[in-house]
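In what follows, a single structure is set out as structure tokens and then discussed.
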Amino acid sequence: MIKEYKTIREIASPLMIVEHVEGVTYDELGEIELPNGQVRRCKVLEVEGDRAVVQLFESAQGINLAESKVRFLGHPQQLAVSEDMLGRVFNGMGMPIDGGPAIIAEDYRDINGLPMNPAARAYPAEFIQTGVSTIDGLNTLVRGQKLPIFSGSGLPHAALAAQIARQARVLGDDETFAVVFAAIGITFEESEYFINDFRRTGAIDRTVVFSNLANDPAVERISTPRMALTAAEYLAFDKGMQVLVILTDITNYAEALREVSAAKKEVPGRRGYPGYLYTDLATMYERAGRRQGKTGSITMIPILTMPEDDKTHPIPDLTGYITEGQIILSRELFRKGIIPPVDVLPSLSRLKDKGIGAGKTREDHAGTMNQLFAAYSRGKDAKELMTILGEAALSDDDKLFAKFADEFEKRYVGQSNTVNRSIEETLTIGWDLLKILPKRELKRIKPEYIEKYLPQD
């Protein structure tokens with residue numbers, strides 16, 4: 001028998017205090033019944049003696065302290081999971097919003113889950129092809145990896161996210177590939193863009209979408225990524241699928257966390273974010289990976305906009321500590337019209353060496369990757385020198401490297417959001433670009449690969 005309480009003492013949205021409660025536990029889900037019969041949801045944030053502090057999922061408007069009833073359901077927030085979730089669109093609370101029927105649940109899962117035990121992890125080692133050259137060729141994504149995209153306000157991270165969701169696949173595998181896409185605190189236009197893009201291209205059939213809009217409650221923003229990860233864990237570890245989780249935008253999630261923390265009057269940390277921001281992000285990110293004894297895996301691409309393009313801001317800073325690298329978008333490249341504007345030199349995938357080479361991509365991948373990095377870096381330096389001292393100050397080799405840098409940005413980095421390149425196409429473009437340089441400068445590639453793959457005049 002579920003007890004009902006008419007002992008609401010105080011409301012300071014999004015928090016509410018209920019007194020004289022019994023047997024209530026942290027994170028337990030609750031319902032508030034208004035005098036007109038309307039029901040709203042909440043969850044327990046804190047219990048002290050017979051007082052419970054609960055967090056409202058919807059507006060506090062219309063809640064009458066004397067007449068409204070509160071009942072606690074005896075379990076934390078849960079998601080109904082089933083393979084029927086594929087091809088469906090849900091809100092941040094896991095309710096279908098695509099006009100389709102409710103999901104017939106195979107199970108109900110606690111959305112809070114647990115970070116994966118390090119002892120149970122299998123090492124990421126298989127290549128995932130995204131169709132984007134700057135990722136596949138230079139910052140390779142590996143199955144089970146956490147590889148965030150650091151963007152800035154106004155940069156086309158949404159288009160890149162949709163492109164990766166649409167194109168990503170595991171090579172040489174018959175295993176089922178699925179995408180779980182969580183949009184956190186985005187505008188209605190952005191949400192429609194993602195959903196329409198997935199439907200137009202047919203990618204929706206293998207995708208589960210969770211969409212939380214900017215005008216939805218902040219509390220729902222905190223639940224959305226956990227809903228997505230719960231769905232991903234079910235598909236990966238119960239159904240054996242290879243799952244790619246894309247979370248956009250983690251900055252909106254952290255802002256919601258800060259808002260709730262301020263309402264609870266917690267002592268703020270850096271820039272007003274709660275001191276437990278690192279721990280909170282880690283409990284989400286560490287749910288990705290490969291698990292020993294399981295065929296499925298969860299690969300994660302969190303996307304975040306850096307306030308004022310500041311890489312030292314707490315959100316990208318802490319994310320960088322937890323994840324295995326980062327893809328950084330460049331405002332300078334975007335102004336040049338290069339799409340996607342991936343800033344190659346500061347971007348990094350710490351596991352790229354594990355997913356490339358013979359039998360995974362191609363034998364020449366590591367050498368060409370290192371040579372392209374080195375040549376582009378030298379070309380950028382040459383272009384800076386040219387700006388200061390003029391072209392006459394450059395040696396003939398430096399002029400070739402400067403030309404290489406321009407061509408590299410146009411032909412390798414720039415590919416538009418509609419082009420899906422195979423890893424062979426990416427490597428071929430790399431070799432075509434290296435042809436610009438004197439053969440004696442190709443010092444990072446084995447001579448036998450130069451003979452085999454470098455285009456002949």
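We count residues from 1, following the sequence as given.
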Check this for me: [X], atom [atom1], are more than 12 non-hydrogen atoms of other residues, nucleotides or ligands nearer than 6.0 Å?
| X | atom1 | value |
| --- | --- | --- |
| Glu192 | CD | yes |
| Glu448 | CD | yes |
| Tyr321 | OH | no |
| Arg362 | CZ | yes |
| Lys399 | NZ | yes |

Counting distance only, does the side-chain N/O of [X] pair as donor-acceptor with the main-chain N or O of [Y] below 3.5 Å?
| X | Y | answer |
| --- | --- | --- |
| Gln163 | Val419 | yes |
| Asp216 | Asn212 | no |
| Gln145 | Val142 | yes |

Mind listing the side-chain donor-acceptor pairs of residues 405-412 below 3.5 Å, one per line with the distance, residues two or more places apart or on another chain?
unit_1, atom_1, unit_2, atom_2, d
Asp406, OD1, Lys383, NZ, 2.6
Glu409, OE1, Lys336, NZ, 3.0
Glu409, OE2, Tyr376, OH, 2.6

Less than 4.5 Å apart, side chain to side chain, heavy atoms only: is that true for [X] and [Y]?
| X | Y | answer |
| --- | --- | --- |
| Phe90 | Val208 | yes |
| Ile149 | Ile301 | yes |
| Phe210 | Val89 | no |
| Pro341 | Pro156 | yes |
| Glu441 | Phe401 | yes |

I'd like to know if the side chain of [X] pairs up with that of [Y] as donor and acceptor (distance under 3.5 Å, no hydrogens or angles considered).
| X | Y | answer |
| --- | --- | --- |
| Ser349 | Thr140 | no |
| Thr176 | Gln242 | no |
| Arg290 | Thr299 | no |
| Thr428 | Glu425 | no |
| Gln78 | Asp110 | no |

Item to complete: Could you tell me whether Arg258 sits above the aromatic face of Tyr273, with NZ or CZ closer than 6.0 angstrom to the six-membered ring centre and within 45 degrees of the axis?
Response: yes

Item to complete: Taking the six-membered ring of Tyr234 (Phe, Tyr or Trp), confirm whether the NZ or CZ of Arg109 is under 6.0 Å from its centre and within 45° of its axis.
Response: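 So Arg109 doesn't make the cation-pi contact.
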
Nearest atoms (heavy-atom pairs only) where [X] meets [Y]:
| X | Y | value |
| --- | --- | --- |
| Val180 | Ala228 | CG1-O, 3.4 Å |
| Thr251 | Thr305 | OG1-O, 2.7 Å |
| Met386 | Leu394 | CE-CD1, 3.4 Å |

Discussion item. Could you walk me through whether Glu28 and Thr25 satisfy the side-chain hydrogen bond (donor to acceptor under 3.5 Å, both in side chains) test, starting with their C-alpha distance in whole Å, then the side-chain angles of each, then the deciding distance to 0.1 Å, before giving a yes or no?
Written reply: CA-CA 6 Å; Glu28 189 173 337; Thr25 58; 3.2 Å; yes

Worksheet item: Is the distance between the ring centroids of Tyr449 and His365 less than 6.0 Å?
Response: no

Discussion item. As a quick check of understanding, evaluate ring pair (Phe, Tyr, Trp, His ring centres under 6.0 Å) for Phe334 and His157, giving each step before the final call.
Written reply: CA-CA 11 Å; Phe334 181 55; His157 48 271; over 10 Å; no

Compile the donor-acceptor pairs under 3.5 Å between side chains in residues 128-138 and protein atoms, sequence neighbours left out, one pair per line.
unit_1, atom_1, unit_2, atom_2, d
Gln129, OE1, Ile423, N, 3.1
Thr130, OG1, Val132, N, 3.2
Thr130, OG1, Asp136, OD1, 2.9
Ser133, OG, Arg421, NH1, 2.8
Ser133, OG, Thr426, OG1, 2.9
Asp136, OD1, Thr130, N, 3.0
Asp136, OD2, Thr130, N, 3.3
Asp136, OD2, Gly131, N, 2.9

